[in-house]
There are 2 protein chains.
Amino acid sequence: MTITKRSHFWNTRWCFGLIAFSFLVILAYLEIRNRKWVTSSSKMGDQSTVTWPKVILLGDSLTQYSMDPNNGWATILANSLQRRCDVIVRGFVGYNSVMTRHLLPRIENTFDGLVAVVVIFLGANDVANATKNPQQHVPLEKYAENLAWMVQFVKAKGVCADKIILMGPPAVNGEKVTDRDLEQAKKYARKCDEVASLVDVSSVNLCDLMQQKFGNGSWKELLIDGLHFSPEGNAFVASELLPLVTQKMKTHQQLFPVWNEISTDDPAGSINKWTPA
Amino acid sequence: MTITKRSHFWNTRWCFGLIAFSFLVILAYLEIRNRKWVTSSSKMGDQSTVTWPKVILLGDSLTQYSMDPNNGWATILANSLQRRCDVIVRGFVGYNSVMTRHLLPRIENTFDGLVAVVVIFLGANDVANATKNPQQHVPLEKYAENLAWMVQFVKAKGVCADKIILMGPPAVNGEKVTDRDLEQAKKYARKCDEVASLVDVSSVNLCDLMQQKFGNGSWKELLIDGLHFSPEGNAFVASELLPLVTQKMKTHQQLFPVWNEISTDDPAGSINKWTPA
């Protein structure tokens, strides 16, 4: 009787031990899988997978068209940051901050993995005149609320505040785009700066910068139709944004060895030994 | 004694049942997590996350420089496929097929998620003269073996053969690049076609196409230095590659609703109801 009880006791204990061990193994597996590692490197530095950082550009048509082969601002970024990050474009023609806010949960996996920088570039449609274009217009306070909400959303995805950049609307040329005007654009651009300051992220006020740096109305040449960027406008956006993006990126080197530093006798060795600085 | 035995029996059975059940739950979880869904949509079609398809460009300097803001061939692809996919550049200046083959396991996570197309564009360095440039030269048969190995690697990551494209070396101008010549490039380009045929993937023979479509040596104007593409060369690469890439992509529509089809009264509703065709 005593022996049977003991065997029963050990059997139960063994089973529970096994269950507990299984769960620990699985928890450890999931933890490792979820972590955002630049490398899942072993101590040997061999065969570890390198995760490419992402620079994510979220916005409207000014972002959707940014991969223009004729000097698009995203191509300038991608080319300058070649072999250091992926430039991921999430631009949606005609979207205002309300539409983009509601879209964000549906593209939340964009922010998975290793995020180097997120640029939220909105407002060019929000500034549309309430009477002439009620479908795109967003009131100033609602615009501010949407920007703050989106920053919060991105932060909740694990992106630090110091990796987020807000860009308000650029200057618009009301002579060419009849449902928008420069005074409204200025207000929204300043509101964007205010929000950035409140939620402690960086901001770029393209609207003011365009007018400061291209005086006497010559900023109008940065736009092809009063609203979208010309090749010069694209270059200007990149020139303002790139230094800020570069500063926020951790990887300042090109990924993987330079070709002529790879050993001809042992190429695998050279490549496997490489680790990000 | 009998009662004790029975309780022992049931206890053991319960424990093993629990273990088996736990493993089934975990296996189901991992299976769901690993599946490459365009949407993880509920029946309601609400709030499901849309995964952006990736077009992955793997290669050497001809790929690393492809985001050139002056008509780079990857920018032409990215611009043409805007809001339909991400163009992911994995180009490594100076790398030949040996180096790239050894690199591939270290960037294997590039192929995670939803892969629309993979382009493997190698050979421009392999063709280097064995005597003049032994560090970059790769013998023809070894080049073929490496290409086949890489296709196999990509397939093992879950990418179907019909989503893979091999591109061999373009025509090189031996008058300007002294360690390579056109005859070698032709051989390697044909070998690339052979491998593609053997492993049942698509291929693009840029070397032959350049000479066919730009006769009397005018193909040399597609190159700036005898090896790298001029803006016209970039346009030519894109013109040959884009139709093939587009054909292999499943998503022929732009992702998410057009702005003026979004309800002003219920923007969330319009956006959440949208599903990929």
Side-chain angles (χ1 to χ4, degrees), chain A residues 1 4-5 7-8 11-12 15-16 18-19 22-23 26 47-52 64-65 67-72 75-76 78-79 82-83 86-89 91-96 98-99 102-103 105-110 125 134-136 234 256 258-260 262 264 267-268 271-272 274, chain B residues 1 4-5 7-8 11-12 15-16 18-19 22-23 26 47-52 64-65 67-72 75-76 78-79 82-83 86-89 91-96 98-99 102-103 105-110 125 134-136 234 256 258-260 262 264 267-268 271-272 274:
Chain A
M1 189 74 173
T4 311
K5 263 192 175 167
S7 134
H8 173 187
N11 205 318
T12 312
C15 284
F16 276 103
L18 190 61
I19 294 171
S22 306
F23 271 104
I26 291 145
Q47 297 293 354
S48 56
T49 303
V50 171
T51 300
W52 239 252
Q64 185 176 326
Y65 299 149
M67 278 288 182
D68 192 322
N70 185 9
N71 222 30
T75 70
I76 300 175
N79 195 49
Q82 59 179 247
R83 207 162 142 182
D86 290 323
V87 172
I88 303 293
V89 177
F92 300 85
V93 170
Y95 278 42
N96 57 27
V98 172
M99 299 169 189
H102 290 298
L103 178 77
R106 296 210 60 190
I107 59 168
E108 52 96 23
N109 57 356
T110 301
N125 295 316
Q135 223 181 333
Q136 286 183 294
N234 273 291
F256 290 102
V258 173
W259 75 270
N260 56 9
I262 296 173
T264 313
I271 288 162
N272 288 335
W274 185 89
Chain B
M1 190 72 172
T4 309
K5 261 188 176 167
S7 132
H8 174 188
N11 205 316
T12 312
C15 284
F16 275 105
L18 191 61
I19 294 170
S22 306
F23 271 104
I26 291 143
Q47 297 292 353
S48 55
T49 304
V50 172
T51 301
W52 239 252
Q64 185 176 326
Y65 299 150
M67 278 288 182
D68 192 322
N70 187 8
N71 223 30
T75 70
I76 301 175
N79 194 49
Q82 60 180 245
R83 208 161 141 182
D86 291 324
V87 171
I88 303 294
V89 177
F92 301 86
V93 170
Y95 277 42
N96 57 26
V98 172
M99 301 168 188
H102 290 298
L103 178 76
R106 296 209 61 192
I107 58 168
E108 51 97 23
N109 57 357
T110 300
N125 295 315
Q135 223 179 334
Q136 286 183 294
N234 273 291
F256 290 104
V258 173
W259 74 270
N260 56 9
I262 295 173
T264 313
I271 288 162
N272 288 335
W274 185 89

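All figures in this text were calculated on a predicted structure; none of them were measured in a lab.
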Which atom of [X] lies closest to which atom of [Y], heavy atoms considered:
X: W259(B); Y: Q136(A); value: CZ3-CG, 3.2 Å
X: N272(B); Y: H102(A); value: OD1-O, 4.4 Å
X: P105(A); Y: T49(B); value: O-OG1, 4.0 Å

Inset, instruction - Determine yes or no for a side-chain-to-main-chain donor-acceptor pair under 3.5 angstrom, with R106(A) supplying the side chain and V50(B) the backbone. - result: no

Inset, instruction - Report yes or no: does Q82(B) contribute a side-chain atom to a donor-acceptor pair with the main-chain N or O of M67(A) at less than 3.5 Å? - result: no

I need the residue from [options] with the largest number of non-hydrogen atom pairs under 4.5 Å to chain A.
options: R83(B), E108(B), Q135(B); value: R83(B)
options: G91(B), G72(B), A268(B); value: A268(B)
options: V258(B), T110(B), N260(B), V98(B); value: N260(B)

Got a second to check how far [X]'s [atom1] is from [Y]'s [atom2], nearest 0.5 Å?
X: N79(B); Y: N70(A); atom1: CG; atom2: CG; answer: 10.0 Å
X: F256(B); Y: I107(A); atom1: CZ; atom2: CD1; answer: 6.5 Å
X: Y95(B); Y: I271(A); atom1: OH; atom2: CD1; answer: 5.0 Å

Under 4.5 Å from any heavy atom of chain B, what part of [X] do you find: side chain, backbone, both or neither?
X: D86(A); value: side chain
X: V93(A); value: both
X: N125(A); value: neither
X: T264(A); value: side chain

Legend entry - side-chain contact (heavy atoms from CB on, under 4.5 Å) partners of N234(A), counting only residues at least two apart: W73(A), F229(A)

Legend entry - With D68(B) via side chain to side chain donor-acceptor pair (under 3.5 Å) - residues at least two apart: none

